[in-house]
**Student:** 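Mind looking over this structure? Questions follow.
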Amino acid sequence: MTSTEPEPGQVAVVAFAQSRHARATEGLSEVEMLLPVLRDVLDQTGLSTGQIDFTCSGSSDYLAGRPFSFTMALDGVGAWPPIAESHVETDGAWALYEAWVKLLTGEAETALVYSYGKSSAGDLPEVLTRQLDPYYLAPLWPDSVSLAALQARALLDAEATSERELAGIAARSRAAAADNPHAQVRGTSPDADALLSDGYVAQPLRRHDLPPVSDGAAAVVLATGRTARRLTAHPAWIRGMDHRIEAHSPGARDLTRSPSTRLAAEHAGLFDPGAPPVDVAELHAPFTAQEVVLRDALRLGEETAVNPSGGPLTANPVMAAGLIRIGEAAARIARGEARRAVAHATSGPCLQQNLVAVLESDAPAEGGPRAGGPAEDGSAEDGFAEDGFVKDGQGGEGA
């Protein structure tokens, strides 16, 4: 689509915020970790909780270790007076999907979507075994790293990648994260050769092929049509979104391919004839080998910048990492660094469930960060927050 004005019923990301992800947030509850993020994302729009029509969250009781843990997070939102609220027991990207549908039906004009996860509270690879088939596979306790290693081995055996290519993906991701203040793994990145000198964690995966264990949270505000225009001068319009699922058992799938990602991308409009090229792709690929699979499924070429934020290899808060991909893609559009972006989220073992969102600007990309972006002291000029969205409702309607 190349229209310059949103059609009636169009929905946009108008604000995005995330925490500074860490290996462990000891002494902080989920509510305390989430509250600054919620305050940040609402401040960007100038809205209060009472002005949000619909709220939807994503989290996991298995990470928290108690049932209905999401109800405690509502203390950070403020559920009195009563609000219209929903919750999904999965990554916040699926909460955003629910909110998107709600707005498309006309039942709401604004929505707050948030998700969070404290992965440090337990043994994350073993906790994730609870996603597996409870009769045949889960009793064997194959952890998430071992399953990802099987997928990587399948790709290597099919000559679809190499250990050097995987190390290159890790090195590129770490280098990109150097400019991301929210990333957990930052700083000078070693080259592929240096990374290949490390020993295996689960052959053929080395430490750099794995995501860090992360605590973190993220939040997004969605709005429709003119409301989006009123809240920010640079909305990121969601042109299409879809999610698909594959067989539960990894043994019933070809792990070198992701047909569910391809199908979701088709229905989201990624491959529509005449559509602009994809400038940025934020892929929820927690393991390096999974990026190879996703690039093929989404038909991404060298012209597309993949995970310029560093991606989940540099910060992977479970239940929030997928929502962050959508937020990061939207922020690139808001800053004028991309005209069209694709965001991907996954859940389950070896890319079992996949969501794809296509986002677009309604103005030509400027080809780089906006002039007057974050200053050296960390402040933002010309009314732009660090994420690229207009601060405090500046710009207004028609800006």
Side-chain angles (χ1 to χ4, degrees), residues 1-16 41-42 44-45 47 49 51-58 77 83-115 218-245 260-261 263-272 275-276 278 282 322-331 333-334 339-345 347 353-362 389 397:
M1 298 181 183
T2 58
S3 62
T4 58
E5 289 293 332
E7 298 176 2
Q10 283 287 311
V11 177
V13 176
V14 298
F16 165 60
V41 79
L42 290 174
Q44 290 178 40
T45 63
L47 296 175
T49 303
Q51 294 172 305
I52 296 292
D53 298 328
F54 180 63
T55 299
C56 196
S57 60
V77 178
I83 62 174
E85 184 269 338
S86 184
H87 174 263
V88 297
E89 187 77 7
T90 187
D91 191 286
W94 276 263
L96 186 142
Y97 183 91
E98 180 177 338
W100 177 65
V101 171
K102 187 89 166 181
L103 269 61
L104 288 178
T105 64
E107 295 186 24
E109 290 187 3
T110 57
L112 170 64
V113 180
Y114 66 91
S115 59
V220 164
V221 173
L222 302 179
T224 58
R226 292 178 180 176
T227 302
R229 286 276 186 213
R230 177 172 58 84
L231 295 176
T232 179
H234 301 278
W237 299 102
I238 301 175
R239 297 307 192 192
M241 183 157 45
D242 193 64
H243 63 95
R244 301 285 163 154
I245 187 171
S260 61
T261 300
L263 187 60
E266 290 174 355
H267 284 265
L270 182 62
F271 310 128
D272 283 356
V278 176
E282 280 286 341
L323 180 62
I324 290 170
R325 306 280 69 76
I326 298 175
E328 287 281 6
I333 289 175
R339 168 71 178 81
R340 191 169 190 247
V342 60
H344 162 269
S347 183
Q353 304 174 51
N354 295 282
L355 180 148
V356 175
V358 177
L359 301 96
E360 289 186 6
S361 168
D362 51 19
F389 295 100
E397 192 168 4

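These values consider heavy atoms only, across backbone and side chains, with no hydrogens, waters or symmetry-generated copies. We're numbering straight along the sequence, starting at 1.
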**Student:** Please list, chain by chain and in numerical order, all residues satisfying side chain to side chain contact (heavy atoms under 4.5 Å, CB included) with T261, sequence neighbours excluded.
**Tutor:**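 T261 satisfies side chain to side chain contact (heavy atoms under 4.5 Å, CB included) with S258, L294, A297, L298, H344, N354, V356 only.
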
**Student:** Heavy-atom distance under 4.5 Å between the side chains of V13 and L222, does that happen here?
**Tutor:**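 Counting from C-beta outward, V13 and L222 do come under 4.5 Å.
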
**Student:** Aromatic contact between W94 and Y97, with the criterion being ring centroids under 6.0 Å apart: yes or no?
**Tutor:**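 Here the rings of Y97 and W94 have centres that are no less than 6.0 Å from each other.
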
**Student:** May I ask you to test the V77-Y114 pair for a side-chain heavy-atom distance under 4.5 Å?
**Tutor:**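 With C-beta onward as the side chain, the pair touches.
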
**Student:** Taking C-beta and beyond as the side chain, do V220 and I326 meet within less than 4.5 Å on heavy atoms?
**Tutor:**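 The answer is no; the side chains never approach within 4.5 Å.
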
**Student:** With sequence neighbours excluded, tell me which residues meet side chain to side chain contact (heavy atoms under 4.5 Å, CB included) with E98.
**Tutor:**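 Per chain and number, E98 pairs via side chain to side chain contact (heavy atoms under 4.5 Å, CB included) with F54, C56, S86, V88.
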
**Student:** Counting N and O atoms only, with roles assigned by atom type, does the side chain of D53 sit under 3.5 Å from a partner on the main chain of E109, one being a donor and the other an acceptor?
**Tutor:**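 A pair under 3.5 Å: yes.
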
**Student:** Within this structure, what is the CD1-OG distance for the pair I324 and S115, rounded to the nearest 0.5 Å?
**Tutor:**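 Answer rounded to 0.5 Å: 7.0 Å.
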
**Student:** Strictly distance-based, threshold 3.5 Å: is any side-chain N or O of R239 a donor or acceptor partner for the main-chain N or O of E360?
**Tutor:**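 Not at all, since once roles are kept as given, no pair shorter than 3.5 Å links the two residues.
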
**Student:** Between D91 and R325, is there a salt bridge with N-O shorter than 4.0 Å?
**Tutor:**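 A salt bridge is absent here (no side-chain N lies under 4.0 Å from a carboxylate O).
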
**Student:** Looking at every heavy atom in both A329 and E282, which two are closest together, and how far apart are they?
**Tutor:**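 Closest approach of A329 to E282: N-CG, 3.9 Å.
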
**Student:** How long is the gap from CG on D362 to CH2 on W237, to the nearest 0.5 Å?
**Tutor:**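 Reported to 0.5 Å precision, the distance equals 7.0 Å.
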
**Student:** Are side-chain heavy atoms of R229 and P235 found at a separation under 4.5 Å?
**Tutor:**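 Sidechains of P235 and R229: in contact.
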
**Student:** When rounded to the nearest 0.5 angstrom, what distance separates NZ in K102 from OG1 in T55?
**Tutor:**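 Atom-to-atom, K102:NZ and T55:OG1 are 10.5 Å apart.
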
**Student:** In Å and rounded to the nearest 0.5 Å, what is the CG to CG distance from L112 to L42?
**Tutor:**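 Reported value, rounded in 0.5 Å steps: 5.5 Å.
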
**Student:** Hey, could you give me the CG/CZ distance between L355 and R244, rounded to the nearest 0.5 Å?
**Tutor:**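 These two atoms lie 11.0 Å from each other.
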
**Student:** So which atom in A330 and which in L359 form the shortest heavy-atom distance, rounded to 0.1 Å?
**Tutor:**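 Nearest pair, atom of A330 first, then L359: CB-CD2, 4.0 Å.
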
**Student:** Ignoring hydrogens and angles, tell me if any N or O in the side chain of T110 forms a donor-acceptor pair with the backbone of A223 under 3.5 Å.
**Tutor:**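 Between the backbone of A223 and the side chain of T110 there is no qualifying donor-acceptor contact (under 3.5 Å).
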
**Student:** Residues two or more places apart in sequence or in another chain: which of them pass side chain to side chain contact (heavy atoms under 4.5 Å, CB included) with Q51?
**Tutor:**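 For Q51, the residues satisfying side chain to side chain contact (heavy atoms under 4.5 Å, CB included) (neighbours in sequence not counted) are L47, S48.
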
